[in-house]
*Asks:* 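Sharing a structure with you now.
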Amino acid sequence: MTDSVDVVVIGAGPAGLYTASQLVVAGLDIVVLEARDRVGGRLHSPVIGSARFDLGATWFWDNEPLVNQLVSDRSLTTFAQHLDGDMLFQTGAGVERIRGNQLDAPASRLVDGMQSIAESLLEEIPAEAVRLNDPVLSISPHEQSLAVEAKGSSWSTEHVVLAVPPATALNTIELGRSLPEQLRNLAAETPVWMGAATKIVAHYQRPFWRDSGLAGAAFSHLGPLREIHDMSGPGGDPAAIFGFAQPSAGAQPVTERDVLEQLEEIFGPYAARPIELLVADWRTEQFTSPPGVERLGEYQTYGHRLYQQPALDGRLHWASTETSVVAPGHTEGALAAASRAVGEILEGRSTVRSGS
Ligand SMILES: Cc1cc2nc3c(=O)[nH]c(=O)nc-3n(C[C@H](O)[C@H](O)[C@H](O)COP(=O)(O)OP(=O)(O)OC[C@H]3O[C@@H](n4cnc5c(N)ncnc54)[C@H](O)[C@@H]3O)c2cc1C
């Protein structure tokens, strides 16, 4: 059976949910189709033990008006990234201590994790309008509408918002030949922000590095972690540091042993004994990254002019962070792209109504 709605939003990351919440306020009939069994996309803060740990995005910044407004409107509790102390620098010659912390900039974090941004948006959308575990398989144009086929549902709609990284959309959704070739090529080569990253979080009993005046920040020429940051909660509880490993194409996955050896060399023996080591390899997440994601390097495609206008006769709108001209890659970019897509839809509908 095919259902009809005004707008199908594909993806329940921050871009998709921000789009959906604004369209609900505008009185439109919408559905959000999400492939995973959770909302948030690259905002992912699972509960482990009694705390939440950010395995995707960690920070937002003062110069990002949309995220700051959203966080303050929904009364999400923030705290400042820990900056105090010296940083460390690992090279083949050993570990050097550098006065002050030149790696971390002032940034804000959320006590309940960055995923709570998505969860707060979810509350503003009717529950029956969000379908989890329902990956979209195809989009095809019909005369005055688009047909959307998902794993467990079929839709006929005026507008589709693709709130999925363009290269991931191309990999997971059959868009047919209807999409102009230039746009298909652009989408195929647009990198997925952090899609090739492995984020590794080491959770400790206490933030032991702070005892010796260290910030928990480190930079390494050797790897596997290239940069390391304090990721503890407010007041150092829970205590954690995290690092990014950015494997090149064809490289072996990072092993826990390599990471623990590196942390021990940088921070001393205590660092080799975390309560747990959490590893999020985003390359292996099919609803974030297409195969070979680490080979996509054309970052100048971000916010490309072709993403700033709807395709398929004004019916297909791009809304992932990669399509934003503002802060592309960041959560702020996802919200900005969503706002643009909402504007396109509302403007298109008022033009049709006024007959111009
Ligand atoms: C390790 C890491 C660290 C990061 N650090 C930061 C940071 O500190 N600060 C910051 O601002 N940003 C950071 N980011 C980026 C931030 O997470 C993204 O900018 C943001 O999540 C993008 O939102 P989005 O809605 O555009 O895409 P996503 O969050 O990727 O959401 C896309 C959604 O679409 C769904 N989907 C995909 N295919 C389909 C399909 N076929 N059918 C239905 N649903 C589908 C996905 O499951 C997902 O839920 C980080 C990202 C990662 C991975």
*Asks:* Can you check whether Met114's main-chain N or O pairs, donor with acceptor, with Asp54's side chain at less than 3.5 Å?
*Replies:* yes

*Asks:* Less than 4.5 Å apart, any side-chain heavy atom of Met231 and any of Ile241?
*Replies:* no

*Asks:* Closer than 3.5 angstrom, by distance alone: can the side chain of Asp134 be matched with the main-chain N or O of Gly152 as a donor-acceptor pair?
*Replies:* yes

*Asks:* When you check the side-chain N and O atoms of Ser154 and Glu149, is any donor under 3.5 Å from an acceptor?
*Replies:* yes

*Asks:* Can you name the residues that form a ring-ring contact (aromatic ring centres under 6.0 Å, His included) with His82, not counting sequence neighbours?
*Replies:* none

*Asks:* ring-ring contact (aromatic ring centres under 6.0 Å, His included) with Phe219: which residues, sequence neighbours excluded?
*Replies:* Phe89

*Asks:* For Leu225, is there any backbone N or O sitting under 3.5 Å from a side-chain donor or acceptor partner on Gln262?
*Replies:* yes

*Asks:* Can Asn68 and Glu64 be counted as having a side-chain donor-acceptor contact under 3.5 angstrom?
*Replies:* no

*Asks:* With sequence neighbours excluded, what pairs up with Phe79 under the ring-ring contact (aromatic ring centres under 6.0 Å, His included) test?
*Replies:* none

*Asks:* Quick one: are Gln115 and Arg38 in side-chain contact, heavy atoms under 4.5 Å?
*Replies:* yes

*Asks:* Enumerate donor-acceptor pairs with a distance under 3.5 Å from any side-chain N or O in residues 20-27 to protein atoms, sequence neighbours excluded.
*Replies:*
{"unit_1": "Ser21", "atom_1": "OG", "unit_2": "Leu17", "atom_2": "O", "d": "3.3"}
{"unit_1": "Ser21", "atom_1": "OG", "unit_2": "Tyr18", "atom_2": "O", "d": "3.0"}

*Asks:* Could you tell me if Asp230 and Trp209 have a donor-acceptor pair between their side chains, going purely by distance under 3.5 Å?
*Replies:* yes

*Asks:* Does any pair with a residue in residues 159-191 pass ring-ring contact (aromatic ring centres under 6.0 Å, His included), and if so which ones, sequence neighbours excluded?
*Replies:* His159-His317

*Asks:* Looking at side-chain heavy atoms only, is the closest gap between Asp73 and Ser120 below 4.5 Å?
*Replies:* no

*Asks:* Salt bridge check, Glu123 against Arg74: does any charged N sit closer than 4.0 Å to a carboxylate O?
*Replies:* no

*Asks:* Could you tell me which residues satisfy side-chain contact (heavy atoms from CB on, under 4.5 Å) with Glu158, sequence neighbours excluded, listed by chain and number?
*Replies:* Asp6, Arg315, Arg349

*Asks:* Got a sec, which pairs hit ring-ring contact (aromatic ring centres under 6.0 Å, His included) with one end in residues 117-146, sequence neighbours left out?
*Replies:* none

*Asks:* Identify, with sequence neighbours excluded, every residue that meets side-chain contact (heavy atoms from CB on, under 4.5 Å) alongside Glu285.
*Replies:* Arg36, Trp282, Thr288

*Asks:* Residues in side-chain contact (heavy atoms from CB on, under 4.5 Å) with Asp313, at least two apart?
*Replies:* none

*Asks:* Less than 4.5 Å apart, any side-chain heavy atom of Leu121 and any of Leu70?
*Replies:* yes

*Asks:* Is the distance between the ring centroids of Phe53 and His203 under 6.0 Å?
*Replies:* yes

*Asks:* Report the distance from atom CE of Met194 to atom OG of Ser289, rounding to the nearest 0.5 Å.
*Replies:* 10.5 Å

*Asks:* For Arg42 and Thr321, which I'm curious about, is there any donor-acceptor pair between the side chains at under 3.5 Å?
*Replies:* no

*Asks:* Carefully, step by step, assess Arg206 and Asp211 under the rule salt bridge (charged side-chain N to carboxylate O under 4.0 Å, His left out).
*Replies:* CA-CA 10 Å; Arg206 38 189 305 280; Asp211 298 345; 2.7 Å; yes

*Asks:* Drop me the distance from Ser220's OG to Glu227's CD, to the nearest 0.5 angstrom.
*Replies:* 11.0 Å

*Asks:* In plain terms, say whether Arg52 and Asp112 are close enough for a salt bridge, that is, a side-chain N and a carboxylate O under 4.0 Å apart.
*Replies:* no

*Asks:* Could you tell me if the side chain of Leu222 sits less than 4.5 Å from the side chain of Thr91, heavy atoms only?
*Replies:* no

*Asks:* Taking the hydrophobic residues Ile, Leu, Val, Met, Phe, Trp and Tyr, and joining any pair whose side-chain heavy atoms are under 4.5 Å apart, which ones share a cluster with Leu162?
*Replies:* Val5, Val8, Ile10, Val31, Leu33, Val136, Ile139, Leu146, Val148, Trp155, Val160, Val164, Leu170, Ile173, Leu175, Leu179, Leu183, Leu186, Leu306, Tyr307, Leu312, Leu316, Trp318

*Asks:* With sequence neighbours left out, write down each residue that passes side-chain contact (heavy atoms from CB on, under 4.5 Å) with Arg257, or none if nothing qualifies.
*Replies:* Thr255, Glu261

*Asks:* Answer with yes or no whether the side chains of Glu174 and Ser138 bring together a donor and an acceptor at under 3.5 Å.
*Replies:* no

*Asks:* Would you please name every residue forming a ring-ring contact (aromatic ring centres under 6.0 Å, His included) with His304, sequence neighbours left out?
*Replies:* none

*Asks:* Distance only, no hydrogens: is a donor on one side chain within 3.5 Å (strictly under) of an acceptor on the other, for Trp59 and Gln81?
*Replies:* yes

*Asks:* I want to check something: taking the side chain as every heavy atom from C-beta on, are Leu55 and Leu278 in contact at a cut-off of under 4.5 Å?
*Replies:* yes

